[in-house]
Colleague: 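Dumping the structure here so I can ask a few things about it.
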Amino acid sequence: MHVKPDEEPPRSAPERIILIVEDNELNLKLVNDILEFQGYEIVATGLGGAALKLARRHRPGLILLDMQLPDISGLDVAQQLKGDEQTRMIPIIGVTAFAMSGDERKVLDSGCDFYLAKPLKIIDLLELVKRIIGGNPS
Ligand code: MN
């Protein structure tokens, strides 16, 4: 199907932007590279406080949120994002290293829409991301 250039969504359309909140630099680089390779635009931070500001500024199509952050917990970040009219519609994937039972419930109760356990399985991550905001735009 022919698509006129002016009907093509810009690559930086907000829904193509993913905000990654992850304080572990190696994990961040891994996920960043994988999602960038898939054609998504990445905004990233290792701090929960910065995540709230970045979410308001960029209006990403998805937030990947680590639950263990150095400043405020991911649970608090999710609660604040879902309590803010500017950011409450943004889907959040909560990511936690805890393998304890009940963790998933806590993460979802905080306002996260989805849950993934660390270590992240790349196939699961990509499948979920594509389900939430669609596949490769290119
Ligand atoms: Mn962490």
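Scope of the values below: all heavy atoms of this structure, side chains included, with no hydrogens, waters or symmetry mates. None of these values were measured; they are calculated from a predicted model. Count residues from 1 along the sequence.
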Colleague: Out of curiosity, Glu22 CD to Leu69 CG, how far, rounded to the nearest 0.5 Å?
Modeller: 7.5 Å
Colleague: Check whether Tyr40 and Ile132 end up in the same hydrophobic cluster, where Ile, Leu, Val, Met, Phe, Trp and Tyr are linked by side-chain heavy atoms less than 4.5 Å apart.
Modeller: yes
Colleague: With sequence neighbours excluded, tell me which residues meet side-chain hydrogen bond (donor to acceptor under 3.5 Å, both in side chains) with Lys53.
Modeller: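 So Lys53 forms no side-chain hydrogen bond (donor to acceptor under 3.5 Å, both in side chains) with any residue.
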Colleague: So which heavy atom on Cys112 is nearest to which on Gly94, and how close?
Modeller: SG-CA, 3.7 Å
Colleague: Please report the shortest heavy-atom distance between Ala50 and Thr45, naming the atom on each side.
Modeller: CB-OG1, 3.3 Å
Colleague: Which pairs, with at least one residue in residues 65-80 and sequence neighbours excluded, count as a salt bridge (Lys or Arg N to Asp or Glu O under 4.0 Å)?
Modeller: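 Listed once each, the pairs are Asp66-Lys118.
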Colleague: With a 6.0 Å cut-off (strictly less than), is the heavy-atom count around CD of Gln86, excluding the residue itself, greater than 12?
Modeller: yes
Colleague: Taking the side chain as everything from C-beta on, heavy atoms only, tell me whether Asp23 gets closer than 4.5 Å to Leu47.
Modeller: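 Of all side-chain heavy-atom pairs linking Leu47 with Asp23, none is under 4.5 Å.
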Colleague: Mind running side-chain contact (heavy atoms from CB on, under 4.5 Å) on Leu30 and Leu120 for me, showing each step along the way?
Modeller: CA-CA 10 Å; Leu30 176 72; Leu120 283 178; over 6 Å; no
Colleague: Could you state the interatomic distance from CD (Glu25) to CG (Asn32), rounded to the nearest 0.5 Å?
Modeller: 12.0 Å
Colleague: Report yes or no: does Lys82 contribute a side-chain atom to a donor-acceptor pair with the main-chain N or O of Thr87 at less than 3.5 Å?
Modeller: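 Not at all, since once roles are kept as given, no pair shorter than 3.5 Å links the two residues.
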Colleague: For atom CZ of Arg131, is the number of surrounding heavy atoms from other residues, nucleotides or ligands below 6.0 Å larger than 12?
Modeller: no
Colleague: Return the NZ to OH distance between Lys106 and Tyr115, rounded to the nearest 0.5 Å.
Modeller: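 Between Lys106 NZ and Tyr115 OH, I get 9.5 Å after rounding to 0.5 Å.
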Colleague: Distance from Leu128 atom CG to Asp124 atom CG, nearest 0.5 Å?
Modeller: 8.5 Å
Colleague: How many angstroms lie between CD1 in Ile63 and CD1 in Ile20, if you round to the nearest 0.5 Å?
Modeller: 11.5 Å
Colleague: Apply the side chain to side chain contact (heavy atoms under 4.5 Å, CB included) test between Met67 and each candidate in Val95, Val77, Asp103, Leu75; give the one that qualifies.
Modeller: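 Result for side chain to side chain contact (heavy atoms under 4.5 Å, CB included) with Met67: Leu75.
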Colleague: Under 4.5 Å between side-chain heavy atoms, counting indirect links through other Ile/Leu/Val/Met/Phe/Trp/Tyr residues: same cluster for Ile133 and Leu126 or not?
Modeller: yes
Colleague: Indicate if Ile18 and Leu125 have the same hydrophobic cluster label, given that clusters are the connected sets of ILVMFWY residues with side-chain heavy-atom separations under 4.5 angstrom.
Modeller: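 Looking at the clustering, Leu125 is in the same group as Ile18.
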Colleague: So if I apply the side chain to side chain contact (heavy atoms under 4.5 Å, CB included) rule between Leu19 and each of Ile92, Leu64, Val43, Ile90, which one comes out positive?
Modeller: Val43
Colleague: Nearest 0.5 angstrom please: Lys121 NZ to Leu116 CG, how far?
Modeller: 9.0 Å
